[in-house]
Structure formats: C-alpha cells, structure tokens
Amino acid sequence: MMKEIGSEFWTEECVGTKKFRHVVFSKRSRGFLCGRGALDYIIRDAKQTIGFASVLLPSYCCHTMIEPFVRNGIRIRFYPVTVDENGLACHFPYPQKEEALYLMPYFGFGMHESYQLQTKRWKFCILDETHCCFSELPISYADWNIKYTYVSYRKWSDIRGFAIANKIADDFVLPYEEKYHNNYLTVKNQACMLKQAYIEKGVGDKQRFLNLYRQSEKMLDSDYENYVSMREGVEVYERLDIDAIRQKRRENGSFLMEAFGKMKGIRLLYHSLSGDCPLFIPILVEDGLRDGLRKYLIDNQIYCPVHWPQSEYLVLQNSQEKEIYEKELSVVCDQRYGLSDMQRIVQCISRFLES
C-alpha cells in the first residue's frame, strides 16, 4: 500500500517518556479543548474588562476565527491581506471607535514588518499564535499592543484537546469551570486508533475513520464553549520534543522551497525560513490549476489542505484579496516525514505540471 502523506495526525513521532515542560494553568493562563473555545473566552473577558464593540480581522482567515466574535455580538470588518514580494502583506485602515485588532503570523513565518508601528492605533490586539507557536522569532507583546494571545496545538501534532489562552498583563476575571467534552475525545481517540491500524498494518475501513474525524469536527462546530483542555492532550504536549519538530520541519521545508523555487507554474509565498518553524509550505498554483493539482495529489495519497475556504461572513473587495483563496495550497512538511517523502511530493507536482 502506498504511504499516505498528510491529513489528520494519528500518532506522534516526537513524543517520548521525558517531560520537556510542565504546563501550569493560572489566573493569566487557561487551558481549553480547542482554539475556538480559547478565543471565545478571550472575547468574553475583553468585553467585561476592557470593553470593545468591533474587531478588525484579516481578510485571509478561517470561519472559526470569525464565528466566536459574531456569536458574542461583536461587529466585524476586515483588513486586506495580499501577496507581495516578501510574502503576505497586511493593509490596515483607520481604526474605528472601540475596536480591537486581530493578528496572525501565517504558516509560522514572521509578519513583523506588516505589524510594526501599526498595532498601537487600536484599543488592543489579540494575537493568534497557532501558526507561529514554535517559531524562534521574538514577539514583543508590549510593542504590538497585545493584551491576549491563544494557541491551538492540534495542527502541529497528535495533541488531542489542548489549546491555551493567555492574558498578558492582568488576570482573567471570567469563571473557569472544569467542564469536559468527553464525547469529543472518545470519537477522536477512536478515529486515531483506526487510522493508525490502517496506516501501519493496512487493516480496516478508511471511510470509517474519516467519518469519525468529520464527526469530531462537527462536534466542535456546534459545541465548543467553556470546555477545558483534556489531560491527555496536555500530557502529550509536555512530552513533545519541540526542538526535534522544529529541526525536521525546517529541513523538510527548506527542501521543498528550493525545489518549488525552480518550478514553473508555482509561486512561493515565502523564500526563506530565517528563525521560522513552518506549519506548512504555502504555494500559489498558477493558471487555475490549484484544484486539479490538489485532486491529483490526493489520487497519489498526498493530502495537502487549502487554507481556507472563503467564509460566508467575508466579502472580498478586489482580485488581490481573492488571489490567495483561489491559488493557495499548503504543502505538508511535518515531522512524520523525511526528505524521501518531500521528494515524492515534488516529483508528483512536477509530473502534474508537465502533463
């Protein structure tokens, strides 16, 4: 059976018995089941302690970043995110009254130039560190006017049910109850167990575990508020060798970037890693071929996601904003794989483009 590359994590290569860190929650650090739950908690705390009526979000985003604001009665508007020679560029309008600003460094690559000197114009900023949590590039919360941060770790590893919300200079005031989403964990554990048997032993029904993954995601779509982190996810994170993950992702990412830089029909969003740790290597596929390429990769057991489907809440203003949604493909580079797997991805994309 051809080796699958990408898709949901089912096990972890960089977890051992040794603890690299000890997670301790406090009045300024809270654990949640998922990123949406962490963001929802931040929004409700900020409404009560700082006060805000609207938020400025990036035009390049996922609906899961938007929906918690809508659910909490916060007005939303968007700042344009477009492609330039340095990657993704943010174009900030003039702030509105009582408005917060949402920041997110994409794919683990630094966005310092886009954010510098801009963020203090807003009442406060929320930093989504999900994509950049393993980067070695420093972020100055004070200089960027950041009052809250949050991270969801499940995109990086087989960490089930752990996201974290932080309040930078003060304590959270909202109550924090030990409410657990055990049904979610049961379904997610079963999906991972069945996928592991299928990948490692070639046994079982692929459609069954795919349905279970979808079922677990559907649970979070409708029911994510106030659920705290699962001990199982926290324990995996504590034993996660982040240095090994960073090294493997940087090695895989560098290989892909060098290969894609020579390939016609492909544009790299970023051309170097610096101190970054890539979540994926984002590319732009030209000539309307993105969806065809993605299908071809799937046919060859390579699963590269698209970030993101355009949200119903978002009306794009121009072709520059639309370009990312229409052309972007996120190429897998994570720690489950080595350079031979990266070579297979490159060869598969090259065959498609040549044909």
Could you note down all residue pairs passing salt bridge (Lys or Arg N to Asp or Glu O under 4.0 Å) where residues 164-177 supplies at least one of them, sequence neighbours left out?
Arg28-Asp171, Asp45-Lys167
Using the salt bridge (Lys or Arg N to Asp or Glu O under 4.0 Å) criterion, which residues pair with Arg231? Sequence neighbours excluded.
Glu235, Glu238
Going by side-chain hydrogen bond (donor to acceptor under 3.5 Å, both in side chains), name the residues that satisfy it together with Lys322, two or more places apart in sequence or in a different chain.
none
In terms of heavy-atom contacts, Gly233 and Ile159 come closest through O-CG2, 3.4 Å
Answer yes or no: is there an ion pair linking Glu225 with Arg71, defined by an N-O contact shorter than 4.0 Å?
yes
Charged N to carboxylate O under 4.0 angstrom, Glu99 versus Arg77?
yes
Sequence neighbours left out, what passes salt bridge (Lys or Arg N to Asp or Glu O under 4.0 Å) with Lys18? Give chain and number order.
none
Considering residues at least two apart in sequence or located in another chain, which fulfil the side-chain hydrogen bond (donor to acceptor under 3.5 Å, both in side chains) criterion with Ser157?
Glu12
Ring-face cation of Arg30 near Tyr41 (centre distance under 6.0 Å, axis angle within 45°):
no
Considering only residues two or more places apart or on different chains, which pairs with a residue in residues 266-277 satisfy salt bridge (Lys or Arg N to Asp or Glu O under 4.0 Å)?
Arg267-Glu286, Arg267-Glu323
Identify the residue among Leu316, Ile324, Val315 that makes a side-chain contact (heavy atoms from CB on, under 4.5 Å) with Gln310.
Leu316
Residues pairing under ring-ring contact (aromatic ring centres under 6.0 Å, His included) where one sits in residues 243-270, two or more places apart or in two chains, turn out to be Phe109-Tyr270
Can you name the residues that form a side-chain hydrogen bond (donor to acceptor under 3.5 Å, both in side chains) with Asp40, not counting sequence neighbours?
Arg44, Asn72
Looking at Glu232 and Arg239, is there a salt bridge between them, counting it only when a charged N and a carboxylate O are closer than 4.0 Å?
no
Quickly, which of Tyr150, Phe32, Tyr153 forms a ring pair (Phe, Tyr, Trp, His ring centres under 6.0 Å) with Phe162? Name it, please.
Tyr153
Looking only at side-chain N and O atoms, does Tyr227 offer a donor or acceptor that is under 3.5 Å from a partner on Asp223?
yes
Give a yes or no on whether Gln347 atom CD has more than 12 heavy-atom contacts from other residues, nucleotides or ligands under 6.0 Å away.
yes
Within-4.5 Å side-chain heavy-atom neighbours: Arg36 and Asp221
yes
Cationic N near anionic O, under 4.0 Å, Glu251 to Lys248
yes
Considering only NZ, NE, NH1 and NH2 on the basic side and carboxylate oxygens on the acidic side, decide whether Lys123 and Glu98 come within less than 4.0 Å.
yes
Do Leu329 and Ile266 have side chains that approach each other closer than 4.5 Å (heavy atoms only, starting at C-beta)?
no
Among residues at least two apart in sequence or on other chains, which ones pass salt bridge (Lys or Arg N to Asp or Glu O under 4.0 Å) with Arg246?
Glu136, Asp243
Pair Ser350-Glu354, side-chain donor/acceptor within less than 3.5 Å
yes
Atom NZ of Lys206: over 12 foreign heavy atoms under 6.0 Å
yes
Apply side-chain hydrogen bond (donor to acceptor under 3.5 Å, both in side chains) to Lys147 and list each qualifying residue two or more places apart in sequence or on a separate chain.
none
Inter- and intrachain pairs under ring-ring contact (aromatic ring centres under 6.0 Å, His included), touching residues 279-302, at least two apart:
Phe280-His307, Tyr296-Phe352
Ser29 and Asn166: side-chain donor and acceptor closer than 3.5 Å?
yes
Per the ring-ring contact (aromatic ring centres under 6.0 Å, His included) rule, what does the pair list look like for residues 309-347, sequence neighbours excluded?
Tyr60-Tyr325
